[in-house]
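Below is one structure; the comments refer to it alone.
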Protein chains: 2
Amino acid sequence: MKNLHLQIEINPELYSKNPDSSELGRKVISKSIELIDEMGFEVFTFKKLSLAIKSPESSIYRYFESKHALLVYLTSWYWTWTEYRLVFAMSNVESPEERLKKALEILTQPVTIDNSISYVNEVLLSEIVFSESLKSYHTTKVDDENKRGAFNSYKATVRRVSEIVLEVSPTCQQPHMLISTVIEGAHQQKYFAEHLPSLTDVTNEKNSITTFYTDLVFRFLKT
Amino acid sequence: MKNLHLQIEINPELYSKNPDSSELGRKVISKSIELIDEMGFEVFTFKKLSLAIKSPESSIYRYFESKHALLVYLTSWYWTWTEYRLVFAMSNVESPEERLKKALEILTQPVTIDNSISYVNEVLLSEIVFSESLKSYHTTKVDDENKRGAFNSYKATVRRVSEIVLEVSPTCQQPHMLISTVIEGAHQQKYFAEHLPSLTDVTNEKNSITTFYTDLVFRFLKT
DNA sequence: CTATATTAATAGTATTACTATCGTATGTGC
DNA sequence: GCACATACGATAGTAATACTATTAATATAG
């Protein structure tokens, strides 16, 4: 990983014009990540983005047909990138238990170090995914967007980690439920810790969310 | 329970005028439950509600200052009512394990039988809570609304069941995380089963979600 | 230096989420 | 039978949002 410059390819169904193909497109991505992280997806508008990048709103619409399409693009980017992180972290780790443990770390912790030299700030992007990705699939158009492949990279990630679960415990009947519960749970617990702390038991100590979900998974798999 | 007519008292901070105190107010509640269940919260508007109940939009605003306030009211109603269900289900059950098992059923299954003689359709309301309650606390105003008590009944439910967890396993360090994970997880898995099935392992058999989360909890607590 | 891609500039629309004002109907206490 | 409050109706209007449409300017590539 590190400074290895890997190319994240996004399903063309998820944009009108590839933002990676022009300067304005890249500005749209990097500035929208900043703004959404800063003010939240609801408050974020293309109008505000257009002011921030000093380009008219209509130019943004050439890349994304809606602000929702932009969120879907961003989360899709994140999960594609996370698949690479998983593959990299798994390489040279023999023990399935160790592999699963490492995978759970990647899934339950927001990114803290931005190694990228690209226009995507992965630290902020992971914050967005943790707090806003729910909104990417929780709409009336899910089924349509799902058909167009909007959630392929998320589903692929869940599938990949589920396979590790099966290596650890071949008799596990619900590996997908387990992993999607862990991912979504970790996102929510972080949010609860910040806003509704009585719904969690998050402590001062670092990584209490990762610890909890790692315990949860391994105790579930231990028969 | 059954036809016992219990009065659900809602925190006055959560409405402008008590909808339970007038006919129009009760119509607002019962019709909004129908409409939100039917079309989803995003698509639902006070305009549509006003047409459905044949009253002007401005009359609805006398009861709720925003459509979001209405959703908060509805989910709050649900959790207050669910606390009663829990208390009722726990009575006369001695074993903490049995109590926890029963509580998990109540938390992970949508309601199927409407025993109520009131204007609140509990079957539809539970559907709304399962699919839309996320939106009640996932906003930029959470902290404000939390201070005003918007989520008290949800938090009380989590606390109550967490106490049962501690009866079963007094050494458990994260009872709140465990229960909020189960509640939110069950809601999401139901949604995934309907829209993104590859994220679940939900089968034909009835209650596979309840089975999974019950296993998850008891295996977590078994040391 | 011309064709092509790319962006700027401007304007406009339907809908949403709300606010404001005023008027009427209905019953209740005295 | 009258004061009076409560409840509801009717109408109008506003700021912001999420788009769409069109045309003109500019950069770049061959």
Side-chain angles (χ1 to χ4, degrees), chain A residues 12 14-32 35-36 38-74 119 132 135-136 138-141 144-145 150, chain B residues 12 14-32 35-36 38-74 119 132 135-136 138-141 144-145 150:
Chain A
L14 305 189
Y15 50 74
S16 306
K17 176 180 171 177
N18 192 347
D20 194 44
S21 73
S22 76
E23 213 187 309
L24 183 63
R26 290 185 292 268
K27 261 165 77 180
V28 164
I29 297 300
S30 64
K31 204 70 191 175
S32 69
L35 292 182
I36 294 172
E38 200 177 303
M39 60 181 71
F41 183 68
E42 323 262 79
V43 177
F44 168 83
T45 66
F46 275 4
K47 183 78 200 160
K48 287 170 185 166
L49 177 57
S50 81
L51 291 171
I53 63 176
K54 284 163 191 148
S55 281
E57 221 181 325
S58 52
S59 296
I60 300 167
Y61 279 97
R62 275 203 295 281
Y63 295 89
F64 297 102
E65 67 187 15
S66 68
K67 97 177 192 180
H68 182 253
L70 170 59
L71 182 64
V72 168
Y73 178 93
L74 293 176
Y119 54 94
E132 313 280 4
K135 291 162 191 166
S136 72
H138 221 105
T139 67
T140 41
K141 301 168 224 148
D144 253 35
E145 294 185 329
Chain B
L14 305 188
Y15 49 74
S16 306
K17 175 178 171 177
N18 192 346
D20 193 44
S21 72
S22 74
E23 214 188 308
L24 182 62
R26 290 185 291 268
K27 261 164 76 179
V28 164
I29 297 301
S30 64
K31 204 69 190 178
S32 69
L35 292 182
I36 294 172
E38 200 178 302
M39 60 183 72
F41 182 68
E42 323 262 79
V43 178
F44 168 82
T45 67
F46 275 4
K47 183 78 199 159
K48 286 170 186 167
L49 177 56
S50 82
L51 290 171
I53 63 176
K54 283 165 194 148
S55 281
E57 222 181 325
S58 53
S59 294
I60 300 167
Y61 278 97
R62 285 205 199 86
Y63 294 89
F64 296 102
E65 66 187 16
S66 68
K67 96 176 190 178
H68 181 254
L70 170 60
L71 182 63
V72 168
Y73 178 93
L74 292 176
Y119 53 94
E132 314 279 5
K135 291 162 192 165
S136 72
H138 222 106
T139 67
T140 42
K141 300 169 225 148
D144 253 36
E145 294 186 328

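In what follows, chains carry the letters A, B, and so on, assigned in the order in which the sequence lines appear, proteins first and then strands, with residues in each chain numbered from 1.
Remark: B:K67 engages no residue in a salt bridge (Lys or Arg N to Asp or Glu O under 4.0 Å) (not counting sequence neighbours). Evaluation of the side-chain hydrogen bond (donor to acceptor under 3.5 Å, both in side chains) rule for A:K27 yields no partner, not counting sequence neighbours. Not counting sequence neighbours, A:T45 has no partner by the side-chain hydrogen bond (donor to acceptor under 3.5 Å, both in side chains) test.
Across A:K48 and A:M39, no two heavy atoms sit closer than the pair CD-SD, 3.7 Å. Considering all non-hydrogen atoms of both residues, A:K17 and A:Y63 come closest at O-CD2, 3.3 Å.
Taking the 5' to 3' direction, DNA chain D first and last meets chain B under 4.0 angstrom from a heavy atom at D:dA7 to D:dT11.
Under the 4.5 Å side-chain criterion, counting only non-hydrogen atoms from C-beta, B:Y15 is not in contact with B:D20. The closest side-chain heavy-atom distance from A:L70 to A:I60 is not below 4.5 Å. At least one side-chain heavy atom of A:I29 sits under 4.5 Å from a side-chain heavy atom of A:F64.
Rounded to an integer number of Å, the gap from CG of A:L24 to C1' of C:dA5 is 13 Å. For the pair A:Y61 OH and C:dA11 C1', the interatomic distance rounds to 15 Å; values are reported in whole Å.
Shown here is B:E42, whose CD atom has more than 12 heavy atoms of other residues, nucleotides or ligands within 6.0 Å.
Taking the C1' atoms of five terminal pairs at each end of the helix from C:dC1-D:dG30 to C:dC30-D:dG1, the two resulting helix axes are inclined by 10°, rounded to 10°.
Using a 4.0 Å heavy-atom criterion, one finds that B:F64 contacts no nucleic acid atom at all.
With hydrogens and angles disregarded, a donor-acceptor distance shorter than 3.5 Å links the side chain of B:E132 to the backbone of B:F41.
For the contact set between residues 43-60 of chain B and DNA chain C, defined by any heavy atom under 4.0 Å, the members are B:T45, B:E57, B:S58.
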